[in-house]
Protein chains: 2
Amino acid sequence: MAGVAVGTVSRVLNDNPTVAEPIRCKVHEAVARLGYQLDPVAQSMRGNRSRLVACAIRDFDIPRFGTFIREAEQVLRVAGYTLLLSSTTNSPAVEVALLRAFESRKVEGVMMTVSDERNAEVLAALARAPMPVLAIDRDRLPGIDRVAADHRSGAVAAMAHLLELGHRRIAMLVGDTRAFPSRSRVEGFRQALAAAGVAPQPRLLRDRVLTAEDAFRETMALMNLPEPPTAIFVAAMDMLGGCLRALRQLGSQVGRDISLVAGSDSELAELHEPPVTAISWDLAAMGRHAATMLLERMGSAEVEVGRSLLLPTQLVIRRSCRAP
Amino acid sequence: MAGVAVGTVSRVLNDNPTVAEPIRCKVHEAVARLGYQLDPVAQSMRGNRSRLVACAIRDFDIPRFGTFIREAEQVLRVAGYTLLLSSTTNSPAVEVALLRAFESRKVEGVMMTVSDERNAEVLAALARAPMPVLAIDRDRLPGIDRVAADHRSGAVAAMAHLLELGHRRIAMLVGDTRAFPSRSRVEGFRQALAAAGVAPQPRLLRDRVLTAEDAFRETMALMNLPEPPTAIFVAAMDMLGGCLRALRQLGSQVGRDISLVAGSDSELAELHEPPVTAISWDLAAMGRHAATMLLERMGSAEVEVGRSLLLPTQLVIRRSCRAP
DNA sequence: GACATGATATGAACCGGTTCATTATAGGGC
DNA sequence: GCCCTATAATGAACCGGTTCATATCATGTC
């Protein structure tokens, strides 16, 4: 329709400078009249521009993680990318398979949460991946950018708060320590105890708390100890519900019989009676930064690899803690 | 490597019956040895099998909607499909654009929530779409399958509960009535009032409550009325938080000064003090059914179009309501 | 006026499969 | 022994772009 070769059209639409203004105009006009648009599938065939970015996380059901995805998707959409979503179900095998699937779909960038940062197969798959990968809330990994929250400082602040109130038997419910968030929370927990000269009691530290049921069971077990804790740091992502359910069933009142700090903030923590002191960070900013950093890495090879952004956490003090 | 033509390899891998057993074996062996796998991009080029299913919803941040996505994704993954996610930001223009983008990516099936079921452009785009579309929690639309919850019956049950306790000034906070959930909740609200012979008061029905801030503001306004309601039906998806925040600020105690029913269940409703009576339905089943129905439609043209699955809702009675 | 130069447009190969018309082969019927 | 048919494998066109070597042409230089 514009009376030019297909290659010329391709160059016009890709803003290739080697095409003169009059022809450029004619092509744009024809494109507008035909409502013509490039086929992304064909584009990813010869060229390698699929305009696809993948995000793989443990489970979409993690509350408030939707905020992360919403913001990341928005940044990506504005940049002309489409988001591919998969859940890893916390399995290294699935993670490796997903990376292969993303590669075969010519995905241009990946953001993900690896379930086990020490797993050799996953690390090998990450090193092999031809597209940049950004780790979400994970430790620094060689050659990989990351965006994470400073859970260690958050845990230190939470523990300092409890220790200052006079607590000495402080229990902790935490998730899988093979991943960064739980690992750094435990670090913060130990660091704060050490700084206060309090000997840590192994039986008060419960890890691998992954579901609400786990949290319920472990809270029950803790409170039935001969010397039950006077405070609980529910550090695992969104396990507050299970813990509160157990305390309610035991007739133990939060803020009077037991002090409580949540490792991540939620509407539940805010609106519970009494409101629960919690560690908070900006998930929306996390999503925006993750998408932005990934796009930057995708856009130019000059950006140095292995960038790390550690978002600050803050302790929101409410009414769930008092002196034992 | 197998000493056959590329076309033959293609036929073997697509289980085309016109290839003899010995050759079939040789090809499979070579495939295994080379770790060869078909390129989905090339497949979607000539053939039309992108193995992509898209899901577009208003906002990923809707709590518990992650459950829907998790289950749907699982069903799709098992069937060999990858999920493409986009948010519509509740804008018809974005919805139309997304349908076009999905088409150009040769997406094989779409599940989505249209923001306005009467919008002519969106309806036209849906009719034009070459791939099957399934509506999530929306009304029956011509030629489109749907999976929805029975919000009308849920609202009737909630209202019957309040009316039976003796409430007559019952307020309702509801979302956008251009979409099925809010519209059917209002229907149920009116139907229950009519059945009880109670005249509806327009000022007690607040629609377009879309954000937590809206819910906060409308609750404030309602309680400052000369004759404030004795009960509130917080029908909008997850606006319970905003409403509770307002009541707390007003010093109005739930279950004593004001009765409350939530239109959708949540951990907040369950663990609030007092726990909030709520309408509940199975979002996990909804996700599974949506994915399954869509796959069935994609798989065979014989499945009749316009199938409708209405999931039951149930009223979970807790301790947020008493006689006025 | 011949020739090198730079700027533009073209044509064709290419990406990795799918699909179909065509050919080669084997088997069966008369 | 010949023809017909069914079956199995092949080769090439095709999908819709991208990319690069090549062709064309106007301009500048000596």
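Predicted, not measured: the structure shown is a model, and the values here were computed from it. Letters A, B, ... are given to chains in the order of the sequence lines, protein chains preceding strands, and every chain is numbered from 1.
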K.L.:
Determine the contact category for B/Q37: base if any of its heavy atoms lies under 4.0 Å from a base atom, sugar-phosphate if only primed atoms, P, OP1 or OP2 are that close, otherwise nothing.
P.N.:
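Sugar-phosphate only.
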
K.L.:
Please report, rounded to the nearest Å, how far the C1' atom of D/dG17 is from the NZ atom of A/K106.
P.N.:
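Rounded to the whole Å, the gap is 13 Å.
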
K.L.:
B/A20 has a side chain; which of D/dA9, C/dG17, C/dA9 sits nearest to it?
P.N.:
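Of the options given, the side chain of B/A20 lies nearest D/dA9.
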
K.L.:
Under 4.0 angstrom, heavy atoms only, what part of the nucleic acid is A/S10 near: base, sugar-phosphate, or nothing?
P.N.:
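Here A/S10 touches the bases of the nucleic acid.
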
K.L.:
If you measure only the distance, is there a donor-acceptor pair under 3.5 Å linking the side chains of A/D61 and B/T67?
P.N.:
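There is such a pair (donor and acceptor under 3.5 Å, judged by atom type) between the side chains of A/D61 and B/T67.
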
K.L.:
Could you tell me the separation between the CG atom of A/N14 and the C1' atom of D/dC20, rounded to a whole number of Å?
P.N.:
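Nearest whole value for this atom pair: 15 Å.
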
K.L.:
In terms of side-chain heavy atoms, does B/S50 have a donor or acceptor partner in B/Q43 at a distance below 3.5 Å?
P.N.:
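Per modelled atom types, B/S50 and B/Q43 side chains form no pair under 3.5 Å.
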
K.L.:
Going 5' to 3' through nucleotides 10-15 of chain C, assign each nucleotide B (protein heavy atom under 4.0 Å from a base atom), S (under 4.0 Å only from sugar-phosphate atoms) or - (no protein heavy atom that close).
P.N.:
B---BB

K.L.:
Write down the distance between CZ (A/R24) and P (C/dT8), rounded to a whole number of angstrom.
P.N.:
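A/R24 atom CZ is separated from C/dT8 atom P by 9 Å.
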
K.L.:
Determine whether the side chains of A/R183 and A/T177 contain a donor N or O and an acceptor N or O closer than 3.5 Å.
P.N.:
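There is no such pair (donor and acceptor under 3.5 Å, judged by atom type) between the side chains of A/R183 and A/T177.
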
K.L.:
Please state how far atom CG in A/N48 lies from atom P in C/dG16, giving the value in whole angstrom units.
P.N.:
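Interatomic distance, CG of A/N48 to P of C/dG16: 9 Å.
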
K.L.:
Let me know the distance between CD of B/E21 and C1' of D/dT7, rounded to the nearest Å.
P.N.:
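Atom-to-atom, B/E21 to D/dT7, this comes out as 15 Å.
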
K.L.:
Between the side chains of A/D59 and A/S87, does any donor sit under 3.5 Å from an acceptor?
P.N.:
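Their side chains do not contain a donor-acceptor pair, so the 3.5 Å distance test is not met.
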
K.L.:
Could you tell me which non-hydrogen atom of B/R64 sits nearest to which non-hydrogen atom of B/W281, and how far apart they are?
P.N.:
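Distance-wise, the nearest heavy atoms are NH2-O, 4.0 Å.
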
K.L.:
If you count every heavy atom of other residues, nucleotides or ligands that lies below 6.0 Å from A/R288 atom CZ, does the total exceed 12?
P.N.:
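Check passes, neighbour count above 12.
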
K.L.:
In this structure, how many angstroms lie between the P atom of D/dT18 and the CG atom of A/N16, rounded?
P.N.:
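So the two atoms are 11 Å apart, to the nearest Å.
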
K.L.:
Taking OP1 and OP2 of C/dT18, is either one under 4.0 Å from a side-chain nitrogen or oxygen of B/Q43?
P.N.:
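Checking C/dT18 against B/Q43, a side-chain N or O does come within under 4.0 Å of OP1 or OP2.
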
